[in-house]
Colleague: 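For reference, the structure I am asking about is given below.
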Amino acid sequence: MSCVVAVVGATGVVGREMLRTLELRRFPATEVRVLASARSAGSRVPFRGGELEIQVARAEAFDGVDIALFSAGAAASRELAPLAAARGAVVIDNSSAWRADPDCPLVVPEVNMDAAKNRPKGIIANPNCSTIQMVVALGPLHAAARLKHVVVSTYQAASGKGHAAMDELITQTRELAAGAEPTASVFPGSLAGNLLMDWKPGSLPDWSEEELKMVHETRKILGDAEIGVTPTTVRVPVVTSHSEAVHAQFHRPMTAAEARELLRNAPGVRLFDEPYAPGKHPQPRAATGTDDVFVGRVRDDLAVPGALNLWIVADNLRKGAALNAVQIAERLVG
Ligand code: 11C
């Protein structure tokens, strides 16, 4: 059976990861089209041992496409996703453009794949990376004891901001090591040797857009508008893989022992189950290039009975973006 896949934004860091993921997982595509802005047309990207030539992402490029994986930014998605859907493609969109739309399901396959069935606009939204890894870990705990309140601090890698940000972190690190003041054009200052809060302001005073995404997306994916989410999002000098310190309270008390039992068999989770010891915890360098959400440091809270603390790490480009989108596509064609 024919299955034509388009990757929109194929030159970006997530677009390339989508191609790698399709290839690695032997996605049954009979044709893969790589689309991007006119600026990149004619350039080539590697795929299945050869190269694919970038075509301009415009309406006609979606003729005959079954699945369109978008990672070209919210403005391009707003313009092009409805055009792709009107031509019969199912759009899986990695931008923030459609996530809050009640007619677009927001899907993490391990948690709420059923939601993808109801897609009146033909568009399925892929959540933000920091939300995806958190709900993969919290989903099974929510199903067992219903989450009441989540306090999360993130430690987000530079690659969440794209190629140029990764390069800038490496340059800044070299400058710092050479005793120079790091130069910044992508980040609002030095990320090397430093921490930054570099997201746009959100729609509420004093909150960043990234923080508010975590609030709204968590509620939508877990299907519970009453979950309290209190995020602080932080950019750290790590190239790839986001980490998160999570404090979770439930409607019925949950113990760390019960949570570990639930997480041991949870889809997409790799549980770090050893007792605490220095260095024996999920780390971004180990998570990078892997599919799993690493969960460790599962602890009973010391002050709030029945609450837990967890440390969650995942490759933000893979499970946080490309892999999640490809897993949705796999289930649609599977
Ligand atoms: C970051 N989480 O690390 C962002 C990148 O809404 O998909 C992804 C933004 C999004 O900066």
Colleague: Not counting sequence neighbours, list each pair that qualifies as a ring pair (Phe, Tyr, Trp, His ring centres under 6.0 Å) and has a residue in residues 183-239.
Modeller: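 Residue pairs passing ring pair (Phe, Tyr, Trp, His ring centres under 6.0 Å), neighbours aside: none found.
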
Colleague: Over all heavy atoms of both residues, which pair between Met254 and Ala259 is shortest? Give the atoms and the distance, please.
Modeller: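 It is SD-N, 3.8 Å.
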
Colleague: Does a side-chain N-to-carboxylate-O contact under 4.0 Å join Lys319 and Glu17?
Modeller: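 Salt bridge between Lys319 and Glu17, a charged N being under 4.0 Å from a carboxylate O: no.
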
Colleague: Rounded to the nearest 0.5 Å, how far apart are CG of Leu106 and CD1 of Ile124?
Modeller: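 Reported value, rounded in 0.5 Å steps: 10.5 Å.
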
Colleague: Tell me yes or no: between the side chains of Gln156 and Glu244, is some donor less than 3.5 Å from an acceptor?
Modeller: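 Per modelled atom types, Gln156 and Glu244 side chains form no pair under 3.5 Å.
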
Colleague: Kindly determine whether Glu330 and Arg26 satisfy salt bridge (charged side-chain N to carboxylate O under 4.0 Å, His left out), including the steps that lead there.
Modeller: CA-CA 10 Å; Glu330 285 172 347; Arg26 299 179 196 283; over 6 Å; no

Colleague: Ignoring hydrogens and angles, tell me if any N or O in the side chain of Glu211 forms a donor-acceptor pair with the backbone of Ser208 under 3.5 Å.
Modeller: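 Between the backbone of Ser208 and the side chain of Glu211 there is a qualifying donor-acceptor contact (under 3.5 Å).
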
Colleague: Any heavy-atom pair between the side chains of Trp98 and Pro82 that's under 4.5 Å?
Modeller: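 A side-chain contact exists here, since the closest heavy-atom pair is under 4.5 Å.
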
Colleague: Please step through side chain to side chain donor-acceptor pair (under 3.5 Å) for the pair Ser95 and Asp93, ending with a clear verdict.
Modeller: CA-CA 6 Å; Ser95 80; Asp93 179 46; 2.7 Å; yes

Colleague: Quick one: does Gln283's side chain have a donor or acceptor within less than 3.5 Å of a partner on Gly279's backbone?
Modeller: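 Such a contact is found between Gln283 side chain and Gly279 backbone.
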
Colleague: Give a yes or no answer on whether the side chain of Glu23 reaches the backbone of Arg48 with a donor-acceptor pair at less than 3.5 Å.
Modeller: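 Yes, Glu23 side chain to Arg48 backbone: donor-acceptor pair under 3.5 Å.
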
Colleague: Testing Phe294, Tyr155, Tyr276 for ring pair (Phe, Tyr, Trp, His ring centres under 6.0 Å) with Trp311, which one passes?
Modeller: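 Checked Phe294, Tyr155, Tyr276 against Trp311; only one passes ring pair (Phe, Tyr, Trp, His ring centres under 6.0 Å): Tyr155.
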
Colleague: Donor-acceptor pair, distance only, cut-off 3.5 Å: does the side chain of Gln172 make one with the backbone of Gly189?
Modeller: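 Side chain of Gln172 to backbone of Gly189: a pair is present.
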
Colleague: Looking at Arg25, I'd like to know if its CZ atom is crowded, meaning that more than 12 non-hydrogen atoms belonging to other residues, nucleotides or ligands lie closer than 6.0 Å.
Modeller: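 Result for CZ/Arg25: enclosed.
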
Colleague: Just so I know, are the side chains of Met214 and Thr233 near enough to count as touching, which here means a heavy-atom distance under 4.5 Å?
Modeller: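 Yes; the side chains approach each other to less than 4.5 Å.
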
Colleague: Taking C-beta and beyond as the side chain, do Pro284 and Thr240 meet within less than 4.5 Å on heavy atoms?
Modeller: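 A side-chain contact is absent here, since even the closest heavy-atom pair is not under 4.5 Å.
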
Colleague: How long is the gap from NZ on Lys280 to CG on Asp273, to the nearest 0.5 Å?
Modeller: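 Going from NZ on Lys280 over to CG on Asp273, the span is 13.5 Å.
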
Colleague: How close do Ala192 and Pro237 get, counting heavy atoms only, and between which atoms?
Modeller: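 Distance-wise, the nearest heavy atoms are CA-CB, 4.3 Å.
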
Colleague: Are the side chain of Asp103 and the backbone N or O of Pro120 linked by a donor-acceptor pair below 3.5 Å?
Modeller: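 It does not hold such a pair.
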
Colleague: Going only through I, L, V, M, F, W and Y residues with side-chain contacts under 4.5 Å, is there a path from Leu80 to Val34?
Modeller: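 Shared cluster, no.
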
Colleague: For side chain to side chain contact (heavy atoms under 4.5 Å, CB included), just list the numbers for Glu31 and Val65, CA-CA rounded to whole Å, side-chain angles, deciding distance to a tenth of an Å, and then say yes or no.
Modeller: CA-CA 9 Å; Glu31 180 191 340; Val65 168; over 6 Å; no

Colleague: Where do Ser159 and Asn316 land on the side chain to side chain donor-acceptor pair (under 3.5 Å) test, with the steps shown first?
Modeller: CA-CA 8 Å; Ser159 56; Asn316 54 303; 3.0 Å; yes

Colleague: Roughly how far, to the nearest 0.5 Å, is the CD1 atom of Ile132 from the CD atom of Glu217?
Modeller: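 Reported value, rounded in 0.5 Å steps: 8.0 Å.
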
Colleague: Do His149 and His247 have side chains that approach each other closer than 4.5 Å (heavy atoms only, starting at C-beta)?
Modeller: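 With C-beta onward as the side chain, the pair stays apart.
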
Colleague: Do the side chain of Arg87 and the main chain of Gly64 share a donor and acceptor less than 3.5 angstrom apart?
Modeller: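 Such a contact is absent between Arg87 side chain and Gly64 backbone.
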
Colleague: Less than 4.5 Å apart, side chain to side chain, heavy atoms only: is that true for Asn126 and Val107?
Modeller: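 Asn126 vs Val107: side chains apart.
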
Colleague: Indicate the atoms forming the closest heavy-atom contact of Ala41 with Val56, along with that distance.
Modeller: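 So the two residues come closest at CB-CG2, 3.7 Å.
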
Colleague: Could you go through Ser185 and Glu168, starting from their C-alpha distance and side-chain angles, then the distance that decides it, and tell me whether this counts as side chain to side chain donor-acceptor pair (under 3.5 Å)?
Modeller: CA-CA 8 Å; Ser185 58; Glu168 185 159 294; 3.0 Å; yes

Colleague: Do Glu210 and Lys213 come close enough that some side-chain heavy atom pair is under 4.5 Å?
Modeller: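 Contact flag for Glu210/Lys213 side chains = yes.
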
Colleague: What distance separates Asn309 CG from Asp300 CG, expressed to the nearest 0.5 Å?
Modeller: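 Result: 9.0 Å between the selected atoms.
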
Colleague: Excluding sequence neighbours, so at least two apart, what forms side chain to side chain donor-acceptor pair (under 3.5 Å) with Thr288?
Modeller: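 Counting only residues at least two positions away or on another chain, Thr288 forms a side chain to side chain donor-acceptor pair (under 3.5 Å) with Ser241.
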
Colleague: Looking only at non-hydrogen atoms, find the nearest pair between Ile221 and Pro127 and report the distance.
Modeller: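 For Ile221 versus Pro127, the nearest heavy atoms are CD1-CG, 3.6 Å.
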
Colleague: What I'd like to find out is whether the side chain of Leu196 reaches to under 4.5 Å of the side chain of Ser190, using heavy atoms alone.
Modeller: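 No. Closest side-chain heavy atoms not under 4.5 Å.
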
Colleague: For Arg235, which of Asn194, Asp198, Thr154 qualifies under side chain to side chain donor-acceptor pair (under 3.5 Å)?
Modeller: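 So, applying the side chain to side chain donor-acceptor pair (under 3.5 Å) to Arg235 and each of Asn194, Asp198, Thr154, only Asp198 qualifies.
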
Colleague: Please test Ser71 against Met18 for side chain to side chain contact (heavy atoms under 4.5 Å, CB included), starting from the C-alpha separation and ending with a verdict.
Modeller: CA-CA 9 Å; Ser71 190; Met18 285 171 164; 3.9 Å; yes

Colleague: Quick one: pull up CG in Leu323 and CG in Leu24 and give me the separation to the nearest 0.5 Å.
Modeller: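 It is 10.0 Å, given to the nearest 0.5 Å.
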
Colleague: Report whether Val90 and Val5 are members of the same hydrophobic cluster (ILVMFWY, side-chain heavy atoms less than 4.5 Å apart, transitive linking).
Modeller: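 Yes; Val5 is reachable from Val90 via cluster members.
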
Colleague: Residues two or more places apart in sequence or in another chain: which of them pass salt bridge (Lys or Arg N to Asp or Glu O under 4.0 Å) with Glu53?
Modeller: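 Salt bridge (Lys or Arg N to Asp or Glu O under 4.0 Å) check on Glu53 returns Arg44.
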
Colleague: Considering non-hydrogen atoms only, spot the tightest contact between Pro253 and Glu258 and give its length.
Modeller: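 Taking Pro253 first and Glu258 second, the nearest heavy atoms are O-OE1, 4.3 Å.
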
Colleague: Examine Met113 and Val108 and state if one hydrophobic cluster contains both, with Ile, Leu, Val, Met, Phe, Trp and Tyr joined whenever side-chain heavy atoms are less than 4.5 Å apart.
Modeller: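 No: no chain of side-chain contacts under 4.5 Å links Met113 to Val108.
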
Colleague: Is the side chain of Asp315 donor-acceptor paired with the backbone N or O of Arg318 at a distance under 3.5 Å, no angle test?
Modeller: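 Yes; judged by distance alone, with no hydrogens or angles, the pair exists.
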
Colleague: Are Leu22 and Leu332 linked, directly or through other ILVMFWY residues, by side chains that come within less than 4.5 angstrom of each other?
Modeller: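 Yes, Leu22 and Leu332 fall within the same hydrophobic cluster.
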
Colleague: Using the side chain to side chain contact (heavy atoms under 4.5 Å, CB included) rule, take Leu141 and Leu308 through it: C-alpha gap first, then chi angles, then the decisive distance, then the call.
Modeller: CA-CA 10 Å; Leu141 310 184; Leu308 298 178; 4.1 Å; yes

Colleague: Tell me the closest heavy-atom pair linking Gln133 and Val293, and the distance in Å.
Modeller: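 Answer, listing the atom of Gln133 first, then Val293: O-CG1, 3.6 Å.
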
Colleague: Just by modelled atom types, is the Val304 backbone N or O under 3.5 Å from a matching donor or acceptor in the Asp301 side chain?
Modeller: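 Flag set: sc Asp301 to bb Val304 pair under 3.5 Å.
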
Colleague: Do Met1 and Val333 touch side chain to side chain, with heavy atoms closer than 4.5 Å?
Modeller: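 Heavy-atom side-chain distance check fails, nothing below 4.5 Å.
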
Colleague: Parallel, tilted or perpendicular: which fits the ring planes of Phe62 and Phe70, with parallel below 30° and perpendicular above 60°?
Modeller: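 Ring orientation of Phe62 relative to Phe70: parallel.
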
Colleague: With a 4.5 Å cut-off on side-chain heavy-atom distances among I, L, V, M, F, W and Y, is there a chain of contacts connecting Val14 to Val238?
Modeller: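 No; Val238 is not reachable from Val14 via cluster members.
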
Colleague: Looking at His242 and Ser130, would you say the former's side chain and the latter's main chain have a donor-acceptor pair under 3.5 Å?
Modeller: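 A pair under 3.5 Å: no.
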
Colleague: Run the salt-bridge test on Glu261 and Arg264 with the 4.0 Å N-O cut-off and return the result as yes or no.
Modeller: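 Yes, Glu261 and Arg264 are salt-bridged.
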
Colleague: Output, in order, the C-alpha distance, side-chain angles, deciding distance and verdict of side chain to side chain contact (heavy atoms under 4.5 Å, CB included) for Leu35 and Ile54.
Modeller: CA-CA 5 Å; Leu35 310 177; Ile54 304 281; 5.9 Å; no

Colleague: Give a yes or no answer on whether the side chain of Arg297 reaches the backbone of Leu310 with a donor-acceptor pair at less than 3.5 Å.
Modeller: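 Between the backbone of Leu310 and the side chain of Arg297 there is no qualifying donor-acceptor contact (under 3.5 Å).
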
Colleague: To the nearest 0.5 Å, how far apart are CZ in Arg219 and CG in Leu147?
Modeller: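 Result: 12.0 Å between the selected atoms.
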
